[in-house]
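This report refers to the structure that appears directly beneath it.
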2 protein chains.
Amino acid sequence: MKSDKISEAVVRRLPIYLRYLTELLKREVSTVSSQELGQRLDLNPAQIRKDLAYFGDFGRKGIGYDVSYLIDKIRHILKLDQQINVALVGAGNLGQALSNYNTYIKDNMKIVAAFDSNPKKIGNKISNTLVVQPIEQLNETVQNLNIRIGIITVPDIEAQRVADLLVGAGIEAILNFAPTILKTPPHVRVHTADFTTDLLSLAYYLENGEDHVDND
Amino acid sequence: MKSDKISEAVVRRLPIYLRYLTELLKREVSTVSSQELGQRLDLNPAQIRKDLAYFGDFGRKGIGYDVSYLIDKIRHILKLDQQINVALVGAGNLGQALSNYNTYIKDNMKIVAAFDSNPKKIGNKISNTLVVQPIEQLNETVQNLNIRIGIITVPDIEAQRVADLLVGAGIEAILNFAPTILKTPPHVRVHTADFTTDLLSLAYYLENGEDHVDND
DNA sequence: TAGATTGTTAATCGATTAACAATC
DNA sequence: TAGATTGTTAATCGATTAACAATC
């Protein structure tokens, strides 16, 4: 077992392993090799072995990895062996879309509260179980329900203000869908899920429709 | 001016520069230095200078970058000086959310058609201008409207089938929101926008709520 | 001119991949 | 035993950062 600082790149691959392993489990596959994993996930087998070896000796030489055992281990590493409560701030279209993914997020991570600042939206049901609360109630609810992660799906201009609220309420991590670089204290982890960046950068890779000249 | 192979990391930063520069333009700031950009965007100034220098000498020593000029240049690099048409496949909650972002995507990239396989959704209006078409019409519409990018917001199991359809219709790039590794020919660029990965990996960085023991 | 800031080279840092002994 | 596959070290590759001459 190693215990250096684990790189972000490694951590981001863990959920990808977890998802595919869960699929294998459902198909009652009991063992898998780094080779097979790599083929399916478009990753180098050595990289997969190395990633996993950071956390322990989970495999068996000559055999591979026990699917069910590895799932348990990764879930533990990701702290998903306990339920993690999540707050959604912003009950617009995107927020609503995410709340419906609750079913997919069967990994012990659950959106347990939704907030919006628009009075018209307060009291609305989004998804089967979530009722939109006024944002003024965020602090109290976060503490009562032991919410540890916040998802921000509000418009750009409100994002920083919401982040401050979440941080003030004691949240530990934020998933930010607004295209803003949030300023947060160092103990709060922020991941940015900005699809406009993904989309616009795609254009770069299009075939040049126009002339292909090197103008200065 | 350089002209090696540009790394993916560089290309992904271009839209980030573009967005902030646009904000500066709106505020009538005419010049900006790599230092200021770096501060605001949480990036190393040297990295910003290097990124931009791959494409040309856009700055002026002792002065910085002309905001308006740099915007034009980046838009050109990203091929956003022409309109890029986009198709949305999957008119569920997420697809609907994205179609409303059309206003935000003022950068000449526009969702011009939406498709779904669910007969109940055909004919529905999503966003102000988009009417959901049956997926059988995808091939024809993509060709008629010169659509070059496809966004996949269908359930996991349908994602690969839809990708095949898009590729068959001659699309050049795909933004995939389904948590599936798509198999596509090498000339088709695929970006994955999988927020479940972002969300689950956040859990890793939470403070250990449980005991902090190194069990084997 | 003096101060500021670029473009670029060299140095550093980090991540991926290859290779292979250990061993099931 | 022979074949397969891990865990890990070493080699490679690529990306970030520091430093500075050029110059506005």
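Naming: A, B, ... by sequence-line order, numbering from 1 per chain. Predicted model, so just to flag it, every value in this text is computed and none were measured.
- The side chain of Lys50(B) lies closest to dA10(C) when the candidates are dA10(C), dT23(D), dT9(D).
- Note: CZ (Phe58(A)) to C1' (dC24(C)) measures 18 Å, nearest angstrom.
- A donor-acceptor contact shorter than 3.5 Å is absent between the side chain of Lys110(B) and the backbone of Asn85(B).
- Using a 4.0 Å heavy-atom cutoff across all strands shown, Arg49(B) reaches at least one base atom of the nucleic acid.
- When only modelled atom types and interatomic distance are considered, Gln160(B) and Asp164(B) share a side-chain donor-acceptor pair under 3.5 Å.
- A close approach under 4.0 Å does not occur between any side-chain nitrogen or oxygen of Tyr54(A) and OP1 or OP2 of dA15(C).
- Of the N and O atoms on the side chains of Arg19(B) and Thr197(A), at least one donor lies less than 3.5 Å from an acceptor on the other residue.
- If you measure from atom CG of Asn44(A) to atom P of dA19(C), you get 11 Å, rounded to the nearest angstrom.
- For the 3.5 Å distance criterion, the side chains of Ser68(B) and Asp66(B) fail to qualify, holding no donor opposite an acceptor.
- When the P atom of dG7(D) is taken as reference, atom CG of Leu37(A) falls 12 Å away, rounded to whole Å.
- Side-chain atoms of Arg13(A) lie closest to dT16(C) of the nucleotides dT16(C), dA22(C), dC24(D).
- If you take NZ of Lys5(A) and C1' of dC13(C), they are 15 Å apart, rounded to a whole angstrom.
- The side chain of Ala53(B) lies closest to dT8(C) when the candidates are dT23(D), dT8(C), dT5(D).
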Item to complete: Could you go through the side chain to side chain contact (heavy atoms under 4.5 Å, CB included) check for Ile71(B) and Leu18(B) one step at a time?
Response: CA-CA 6 Å; Ile71(B) 287 176; Leu18(B) 185 56; 4.0 Å; yes

Worksheet item: Where do Leu182(A) and Ile152(A) land on the side chain to side chain contact (heavy atoms under 4.5 Å, CB included) test, with the steps shown first?
Response: CA-CA 11 Å; Leu182(A) 297 178; Ile152(A) 297 182; 4.0 Å; yes

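- Residue Gly95(A) comes nearest to Leu88(A) through the heavy atom pair O-CD2, 3.2 Å, listed as atom of the first residue, atom of the second, then distance.
- Ranked by how close their nearest DNA chain C nucleotide is to the 5' end, Glu36(B) and Gln47(A) are led by Glu36(B).
- Candidate nucleotides dA19(C), dC24(C), dT6(C) were compared by shortest atom distance to the side chain of Ala46(A), and dA19(C) ranks first.
- Atom CG in Asp57(A) sits about 11 Å away from atom P in dT23(C), given to the nearest Å.
- Heavy-atom nearest nucleotides on DNA chain C were determined for Ala9(A) and for Gly59(B), and the one closer to the 5' end corresponds to Gly59(B).
- When distances run from any side-chain atom of Arg60(A) to the nucleotides dC24(D), dT16(C), dC24(C), the shortest one goes to dC24(C).
- Under the side-chain contact (heavy atoms from CB on, under 4.5 Å) rule, Ile149(B) has a single partner from His191(B), Met109(B), Glu172(B), which is Met109(B).
- Between Ser7(B) and dA15(D), a side-chain N or O to OP1/OP2 separation shorter than 4.0 Å is present.
- Computed from coordinates, the Glu8(B) CD to dA15(C) C1' distance equals 15 Å when rounded to whole Å.
- Between dC24(C) and Tyr65(A), no contact under 4.0 Å exists linking OP1 or OP2 to a side-chain N or O.
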Practice prompt. Go ahead and write out DNA chain C as dot-bracket, 5' to 3': ( ) for pairs within the strand, [ ] for ones crossing earlier pairs, | when the partner sits on another strand, dots for unpaired; Watson-Crick or G-U wobble, both distances under 3.5 Å.
Written response: ..||||||||||||||||||||||

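- Rounding to whole angstrom units, CG of residue Asp51(A) and P of dG14(C) are separated by 17 Å.
- Note on Ser34(B): every side-chain N or O is 4.0 Å or more away from OP1 and OP2 of dT5(C).
- The interatomic distance linking Lys61(B) (NZ) with dG3(C) (C1') rounds to 16 Å, in whole Å.
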